[in-house]
Number of protein chains: 2
Amino acid sequence: MILKAIVRDYTSSGVPVGSKALAAQLPMHVSSATVRNEMAALEELGLIAKTHSSSGRIPSVKGYRYYVDHLVQPDPIKANDIDIIKSSLEGQFLKIDEIIETSAKILSNLTSYTAFSLKPEHKQSRLSGFRLVPLGKRQVMAVLVTDNGDVESQTFNITTKITGDQLEAVVRLINDQLIGKPLDEVLASLQSDIPMQVANYLQQPEGFLKVFGDVLTQAAQDRFYVGGRLNLLNFSDSNDVDELKSLYTLMDHSDDMADVLGQPSDHIQVQIGSEMTNDILRDYSLITATYEAGDHGKGVIALLGPTRMPYSRMIGLVGAFRQELAQRLIDYYRYFDQ
Amino acid sequence: MILKAIVRDYTSSGVPVGSKALAAQLPMHVSSATVRNEMAALEELGLIAKTHSSSGRIPSVKGYRYYVDHLVQPDPIKANDIDIIKSSLEGQFLKIDEIIETSAKILSNLTSYTAFSLKPEHKQSRLSGFRLVPLGKRQVMAVLVTDNGDVESQTFNITTKITGDQLEAVVRLINDQLIGKPLDEVLASLQSDIPMQVANYLQQPEGFLKVFGDVLTQAAQDRFYVGGRLNLLNFSDSNDVDELKSLYTLMDHSDDMADVLGQPSDHIQVQIGSEMTNDILRDYSLITATYEAGDHGKGVIALLGPTRMPYSRMIGLVGAFRQELAQRLIDYYRYFDQ
DNA sequence: CTTAGCACTTGAGTAACTTGAGTGCTAAAA
DNA sequence: TTTTAGCACTCAAGTTACTCAAGTGCTAAG
């Protein structure tokens, strides 16, 4: 009970909590001396710590961990918040990516922290179509479609004149050989046998191969969105510009962030301070939740805030958000899969 | 001479400059007392100011203005820097936007400030082509091409089954009526007569119209890139998070930034502190240069740094960069226009 | 017109002191 | 055995006083 009170107090006030204030606040009558004794015991266990020898206590990482694992009760979400979530997700989105991106934005707005969202995805997307669309004199657009509906495109200029026949031949080549294969295999072929074959049809295949490669890697990448980047400036108390820069750089690398988010799990997961895989995040905490969009795979939403965050509220919020988002996506797919 | 020395000293050290240090540094022999007298005169003219009653002097906005207008000699660019610029622009870019984007990056790297770049553009681009590419069961990609080679595309899902004939009819409709028209006119028709006509071919035209509108506004927007966003954290000495946020928000609005950059001009323009049109930038300075890419229109590069920046070096650098970029673009166009 | 000299101003840094919130420990009370 | 009152002790943070160095303006002499 004392640990719980300490966490609650400290996360809301940011000030180390002392025995007297704590005693006054506990449901039963105890003196501050008693509380002091108990606190000494908690400190012995490594659950709380002092900032200096005569200061009040703050929870240690271990203390937060215990709190999150055994004590926290997710706050029931406020009616107001659920309205905001519902109405923001309500609109007529034409693309699923817009829903995912908006999610990160709403979540960051509601919390004033930084939010991440990862599109639901099957383990392995496969190539389901490739096209070259001639646009003008010398411009061609390469379009790639995967079996779960992702589309990537890129325009490029061609140097030598290329006939429609040539383009078609290349498209046919790609489609014949690569359709249905997982993207990583496609990428592998691109390093090995494809270039030679393309060279039969195009005189200068480099440009085409580069674009094809670009589009492929884009499609293979996780669809990762960050919302409320700037909120980091609020809750980071680091004044070290270099550290802020590293953080922003980290957030821009979706593969590094995928490591940080960790393995998907059915529970809402909380990583606290130094528990984080990436040392840059040692002063922050991350709440991660996997959501399931019917049989369209699993996605992730996550919330990055200070270690000293009001976990009960945040866990409640992320939980509610996860549900709303899953529901919204199921509706979305139902609408388009019909 | 004294004003020049004060600006040079202060921009490099950041410390108000006093009479003694200044006297020691001037080319002729004068005592500090003489310098003090002159400084009093300069202060009278409003060109320099004190931070407190017994401090050394710093240039005022008016002083910087005089310095920039009459005294500054652009530094000759370092061989090293020119190498960096040349080699970064050298690669085989497939799209002009990549060159423009890279420019902002290089310029910000070289200076540790924040750089902006605006793509060269004719006053009015015109619609030169529109296509709908069917991608899968229910996905269609809309592609729009303008007469100066910009391509915008967007995918959307369709709710009701649409036949190839229907798509072709819509494409033909758009192309017949709108090709060759400036984009703003096209946008105007989209608000008026087009919807009715499209309704003849599609049962639920809303989705299509939204996508067409999106793609149009994207294409009509200035192509604006920011490099070295994070460098703002270095040179801004404001600790006010809200102010930083406003700055970042400003940078993300290309139309607001277009106002800030001002009218194109053949000279390199410098806006200092409170001269800036936007009050948020009152503690910064902006160096702007227009570059001309043959007859493909004019673009802009700009550099945002602290008011207290080494103008001679920065002006030299921006000038050199402008030249290199113009040359690079002319080469680019020569290659593809051939 | 320039310069030496001097009294004066001020921010920045340092040391000394005060205050208040909080602790641990002891011994008495429950 | 547990709880509590009491008390001496600790420490960060704020305040005050003081020193120092860099700089100024002004005056009077060169």
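Bear in mind the structure is a predicted one, so any value in this text is a computation, not a measurement. A note on names: the letters A, B, ... follow the listed sequences, proteins ahead of strands, and every chain is numbered from 1.
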**Student:** At under 4.0 Å between heavy atoms, which parts of nucleotides 23-30 of chain D does protein reach? Answer with one letter per nucleotide, 5' to 3': B base, S sugar-phosphate only, - none.
**Tutor:** BBBB----
**Student:** If you look at every heavy atom in Lys20(A) and Ser32(A), which pair is closest and at what distance?
**Tutor:**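 Answer, listing the atom of Lys20(A) first, then Ser32(A): CA-CB, 3.9 Å.
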**Student:** How long is the line joining CG of Leu22(A) and P of dA21(C), in whole Å?
**Tutor:**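 So the two atoms are 16 Å apart, to the nearest Å.
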**Student:** Which residues pass the ring-ring contact (aromatic ring centres under 6.0 Å, His included) test with His52(A), not counting sequence neighbours?
**Tutor:**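 Counting only residues at least two positions away or on another chain, His52(A) forms no ring-ring contact (aromatic ring centres under 6.0 Å, His included).
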**Student:** Between protein and nucleotides 13-20 of chain D, map the contacts as a letter string: B base, S sugar-phosphate only, - none, heavy atoms under 4.0 Å, written 5' to 3'.
**Tutor:** --------
**Student:** Under a 3.5 Å cutoff, is there a donor and acceptor pairing between the side chains of Tyr225(A) and Thr102(A)?
**Tutor:**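 Short answer, no.
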**Student:** Hey, what's the ring geometry for Phe116(A) with Phe224(A), parallel, tilted or perpendicular (30° and 60° as the breaks)?
**Tutor:**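 Aromatic pair Phe116(A)/Phe224(A) classed parallel.
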**Student:** Run the numbers on Ile315(B) and Val72(B) for side-chain contact (heavy atoms from CB on, under 4.5 Å), then give the verdict.
**Tutor:** CA-CA 9 Å; Ile315(B) 292 175; Val72(B) 72; 4.2 Å; yes
**Student:** For Met28(A) and dT2(D), give me the distance from atom CE to atom C1', rounded to whole Å.
**Tutor:**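 One finds 14 Å between C1' of dT2(D) and CE of Met28(A), rounded.
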**Student:** Is the shortest distance from a Lys or Arg side-chain nitrogen in Asp279(A) or Arg282(A) to a carboxylate oxygen in the other one below 4.0 Å?
**Tutor:**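 Result for this pair is yes, salt bridge flagged.
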**Student:** Residues of residues 4-11 of chain A with any non-hydrogen atom less than 4.0 angstrom from an atom of DNA chain D: list those, numerically ordered, please.
**Tutor:**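 Nucleic-acid contacts, sorted: none.
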**Student:** Please check if atom CG in Asn239(B) has more than 12 non-hydrogen atoms from other residues, nucleotides or ligands closer than 6.0 Å.
**Tutor:**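 At most 12 heavy atoms, drawn from other residues, nucleotides or ligands, come within 6.0 Å of this atom.
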**Student:** Using the salt bridge (charged side-chain N to carboxylate O under 4.0 Å, His left out) criterion, which residues pair with Arg313(B)? Sequence neighbours excluded.
**Tutor:**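 Per chain and number, Arg313(B) pairs via salt bridge (charged side-chain N to carboxylate O under 4.0 Å, His left out) with Asp81(B).
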**Student:** In whole angstroms, how far is the C1' atom of dT10(D) from the NE2 atom of His52(A)?
**Tutor:**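 So the NE2-C1' distance, His52(A) to dT10(D), works out to 8 Å.
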**Student:** I would like to know whether Leu317(B) and Asp75(B) meet side-chain contact (heavy atoms from CB on, under 4.5 Å); could you show each step before the answer?
**Tutor:** CA-CA 8 Å; Leu317(B) 202 54; Asp75(B) 275 11; over 6 Å; no
**Student:** Between Leu244(A) and Ser236(A), which heavy-atom pair has the shortest distance, and what is it?
**Tutor:**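 Between these two residues, the closest heavy atoms are CD2-OG, 3.8 Å.
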**Student:** Reckon Thr34(A) has a side-chain N or O less than 4.0 Å from the OP1 or OP2 of dT3(D)?
**Tutor:**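 It does not, given that no N or O in the side chain of Thr34(A) lies less than 4.0 Å from OP1 or OP2 of dT3(D).
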**Student:** Take atom CG of Leu26(B) and atom P of dT3(C), then tell me their distance rounded to the nearest Å.
**Tutor:**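 Checked: the CG to P distance equals 11 Å.
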**Student:** So, the side chain of Ser60(A) versus the backbone of Leu47(A): is there a donor-acceptor pair under 3.5 Å, distance only?
**Tutor:**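 Indeed, once roles are kept as given, a pair shorter than 3.5 Å links the two residues.
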**Student:** If we ignore angles and hydrogens, is there a donor and acceptor under 3.5 Å between the side chains of Thr249(A) and Ser246(A)?
**Tutor:**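 The answer is no; no qualifying pair exists.
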**Student:** Could you check how far NE2 of His29(A) sits from P of dA30(C), rounded to whole Å?
**Tutor:**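 From His29(A) NE2 to dA30(C) P: 12 Å.
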**Student:** Would you sort out whether Asn231(A) and Lys245(B) count as a side-chain contact (heavy atoms from CB on, under 4.5 Å), showing the intermediate values?
**Tutor:** CA-CA 9 Å; Asn231(A) 288 340; Lys245(B) 283 190 173 187; 3.1 Å; yes
**Student:** Defining pairs by Watson-Crick or G-U wobble geometry with both distances under 3.5 Å, how would you list the stems of DNA chain D with at least three pairs each?
**Tutor:**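 Consecutive-pair runs (3 or more) involving DNA chain D: C:1-30 with D:1-30.
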